[in-house]
Asker: 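The structure under discussion is supplied below as structure tokens; questions concerning it will follow.
Here the structure is a predicted model, which means the values were calculated and not measured.
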Amino acid sequence: MKGKGKLKKNMKNSQFSKIMKVPPGSGGGKKWTTLEHNGVIFPPPYKPHGVKMLYNGKPIDLTPEQEEVATMFAVMKDTDYAAKPTFIDNFFTDWRKVLGKNHIIKNFELCDFTPIYEWHLREKERKKQMTTEEKKTLREDKLKQEEKYMWAVVDGVKEKVGNFRVEPPGLFRGRGEHPKMGKLKRRILPSDITINIGKGAPVPECPIPGESWKEVKHDNTVTWLAFWNDPINPKDFKYVFLAASSSLKGQSDKEKYEKSRKLKGHIQRIRENYTKDFKNKDVTRRQIAVATYLIDKLALRAGNEKDDDEADTVGCCTLKVDNVTCMPPNQIQFDFLGKDSIRYFNTVEVEELVYKAIEGFRAGKKPGQDLFDKIDTSRLNAHLKDLMPGLTAKVFRTYNASITLDGILHEETEDGTVLEKIAVYQRANKEVAIICNHQRSVSKSHESQMTRMNEKIDELKSQMEELKADLNKAKKGKPLGYDSEGKPKRNLAPEAIQKKVATLEGKIEKMEMDKRIKEDLKTVALGTSKINYLDPRITVAWCKRHEVPIEKIFNKSLLAKFVWAMDVDPEFRF
DNA sequence: ATCGCGACTTAGCATCCTTTAA
DNA sequence: TTAAAGGATGCTAAGTCGCGAT
């Protein structure tokens, strides 16, 4: 509920929120001096397949435009979107606009998309059946077409472009219970696109004959190469940026980590500061204190206001009273949907004064009302800025993640094999992912994989039984008897059998460990923190100190993204 | 102070590609 | 040799936060 109901939240404004307009060394907001690139590439025009869907049991002729939208829906049959009323409603409303006023198709219930769906399955199968050779040529052809769009030249340096492909039309797939799911995302045309390019550089030729760009700008205070308005949310933009490996992105990434490192020098004072305010008589001050505490302790997101036409999710400042439960004597249970509608469910012990304060904020409010009714992200960030230049809520997340990694790596790395050291890193990585609540959905095959592992372990264990029986016999000098196929077993010395037992034991242990890790990580996404929250210098320095090849931790894209961190001193501490 | 715009980072999932196990 | 698992990459949605207008 943006705007409404948030009108009169008063708060003494910070008298001195002196902020640097631009990060030092970035030259007055200027991001580049020269910029050349080739614009964007458009998806190919729609190719009609001519497969007729059924309406009321009868085949229906559709124009290519109508068929295109029908196909978008048909191919989603086996996703769970296809069964959601909101999705169907939005799709059908938008499709009917394409069908036109007097079209025979009026009732979704009478639509049968199965013929198109089956065509789609056949197409998929056909693609799968292609030989590796054919696939390779196809890939190479595509690469050739796209090559020129992949690169930009920024201040004389060739840099990769991130997303030079214009998004194809489709049905909007919002996350969670998104009110706009299923709406038609229309095709983007050159006349939708604004290009940003250096003054002297040649303007990219519009790739669709007879059409032209909406606008060409020469703005060197921004880093985008092109943008268009999001057709689903016309007030939002879709940007084309350089890739993560570019020095422009690398520089700001480094600045991000440097800022959160700076927080280390202020954190003690900040904690003392908000702890004092837990019992401040001014509610606003108390709310700021408690919100800051939660952001610091639990790495919650700031929580901006959202519109009604977005999924209903919250962050710290937008927590509702029903998202928190006070559990005596001093535990708080959090249960809310955060970014991407990922559930945050956590019970934590808090300081007594925090517990009291939260009870107080909840008092007399109905479910759905704001827990922190006197503050919002901009007030909170304004306050944080007074405590440290450039400090905002998200800095705490970066700080929390990186300091945790640094700490665990320093405490827990022991002499041992590279494999063991990597295991320590992964444990630390997992710890961070849990703090940041980075989740993934369990893979469809998880259950069956677990069953298979259990079967395997059982099998190994029964082998172990047999081996131990053999060992006993061998020790007593008895013959080992016959194996399961009735053949006589070779009589081995007890020592030899003992060795077999040890090997098998190791195998079982490893399997059980693998199983535990797999189960443990089934809902935890490690990648997000590696990409966005963990200062790569911590990792690089650790690899250097412990002689772990950096390639064991960073894949090709991370190595490219983090070039700026590679020459770090081995003794670097976050 | 408030609002809405604009630009940028962060996020999970789908798909493609490679490695590993059977 | 093949299939399954796992990792890398692509895609685009969904956040954060600064800023200028009012």
Asker: A/Ser441 near the nucleic acid: base, sugar-phosphate alone, or nothing, with a heavy-atom cut-off under 4.0 Å?
Answerer: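 Counting heavy atoms under 4.0 Å across all strands, the contact made by A/Ser441 is with sugar-phosphate only.
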Asker: Want to settle it: does A/Leu391 or A/Val166 sit nearer the 5' end of DNA chain C, counting the closest nucleotide to each?
Answerer: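 Its nearest nucleotide being more 5', the pick is A/Val166.
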Asker: On DNA chain B, compare the nucleotides closest to A/Asp340 and A/Thr223; which residue's is nearer the 5' end?
Answerer: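 Checking each residue's closest nucleotide, the 5'-ward one belongs to A/Thr223.
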Asker: Got a salt bridge between A/Arg126 and A/Glu123, using NZ or NE/NH1/NH2 to carboxylate O under 4.0 Å?
Answerer: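 Judged by the 4.0 Å cut-off on N to carboxylate O distance, A/Arg126 and A/Glu123 do form a salt bridge.
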Asker: Starting at the 5' end of DNA chain C, which residue's closest nucleotide do you reach first, A/Gly303 or A/Ser445?
Answerer: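 Its nearest nucleotide lies further toward 5', so the answer is A/Ser445.
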Asker: Reading nucleotides 15-22 of chain B from the 5' end, what letters show protein touch, with B for base, S for backbone sugar-phosphate only, - for no heavy atom under 4.0 Å?
Answerer: --S-----
Asker: Under 4.0 Å between a Lys/Arg side-chain N and an Asp/Glu carboxylate O for A/Glu551 and A/Lys556?
Answerer: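 Between A/Lys556 and A/Glu551 there is no salt bridge, as every charged N stays at least 4.0 Å from the carboxylate O atoms.
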Asker: Test for a donor-acceptor pair under 3.5 Å between the base of B/dT10 and the side chain of A/Lys394, counting only N and O atoms.
Answerer: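 No, the side chain and the base share no sub-3.5 Å donor-acceptor pair.
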Asker: Does A/Ser443 reach a base, just sugar-phosphate, or nothing at all? Heavy atoms under 4.0 Å.
Answerer: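 No contact.
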Asker: Enumerate the residues from residues 421-440 of chain A whose closest heavy atom to DNA chain C is under 4.0 Å, giving them by residue number; use none for an empty result.
Answerer: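 DNA chain C contact set from residues 421-440 of chain A: none.
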Asker: Heavy atoms under 4.0 Å, any strand shown: does A/Tyr533 hit a base, just sugar-phosphate, or nothing?
Answerer: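 It contacts sugar-phosphate atoms only.
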Asker: Does A/Lys339 have a side-chain nitrogen or oxygen under 4.0 Å from the phosphate oxygens OP1 or OP2 of C/dA13?
Answerer: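 Checking A/Lys339 against C/dA13: no side-chain N or O falls below 4.0 Å of OP1 or OP2.
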Asker: With heavy atoms under 4.0 Å as the rule, sort A/Asn555 into base, sugar-phosphate or nothing.
Answerer: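 The residue A/Asn555 makes sugar-phosphate contact but no base contact.
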Asker: Indicate, with a heavy-atom threshold strictly under 4.0 Å, whether A/Ile342 touches base, sugar-phosphate, or nothing.
Answerer: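 Touches sugar-phosphate only.
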Asker: So what does A/Ser378 hit on the nucleic acid, given a heavy-atom distance under 4.0 Å: a base, only sugar-phosphate, or nothing?
Answerer: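 A/Ser378: no heavy atom of the nucleic acid under 4.0 Å.
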Asker: Are A/Arg186 and A/Asp192 close enough for a salt bridge, meaning some N to O gap below 4.0 Å?
Answerer: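 A salt bridge links A/Arg186 with A/Asp192.
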Asker: Is any side-chain N of the basic residue among A/Arg261 and A/Glu258 closer than 4.0 Å to the acidic one's carboxylate O?
Answerer: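 Yes, A/Arg261 and A/Glu258 are salt-bridged.
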Asker: Assess whether a salt bridge exists between A/Lys522 and A/Glu519, defined as any Lys/Arg side-chain N lying under 4.0 Å from an Asp/Glu carboxylate O.
Answerer: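 A salt bridge links A/Lys522 with A/Glu519.
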Asker: Looking at the side chain of A/Lys556, which of B/dT10, B/dG6, C/dT9 is the nearest nucleotide?
Answerer: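 Nearest to the side-chain atoms of A/Lys556, counting from C-beta on, is C/dT9.
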Asker: Just checking A/Ala393: base, sugar-phosphate only, or nothing, at a heavy-atom cut-off of under 4.0 Å?
Answerer: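 A/Ala393: backbone/sugar contact only, no base atoms under 4.0 Å.
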Asker: Just checking A/Gly315: base, sugar-phosphate only, or nothing, at a heavy-atom cut-off of under 4.0 Å?
Answerer: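 Nothing, no nucleic acid heavy atom in range.
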Asker: Hey, does A/Lys185 reach any base, or is it just sugar-phosphate, or nothing, if we go heavy atoms under 4.0 Å?
Answerer: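 If one applies the 4.0 Å heavy-atom cut-off, A/Lys185 turns out to touch the sugar-phosphate alone, with no base involved.
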Asker: Counting N and O atoms only, with roles assigned by atom type, does the side chain of A/Lys30 sit under 3.5 Å from a partner on the main chain of A/Asn220, one being a donor and the other an acceptor?
Answerer: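 No; zero donor-acceptor contacts below 3.5 Å.
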Asker: With a 4.0 Å heavy-atom cut-off, tell me which residues in residues 171-183 of chain A come close to DNA chain C, sorted by residue number.
Answerer: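 Only A/Phe172, A/Arg173, A/Gly174, A/Arg175, A/His178 qualify.
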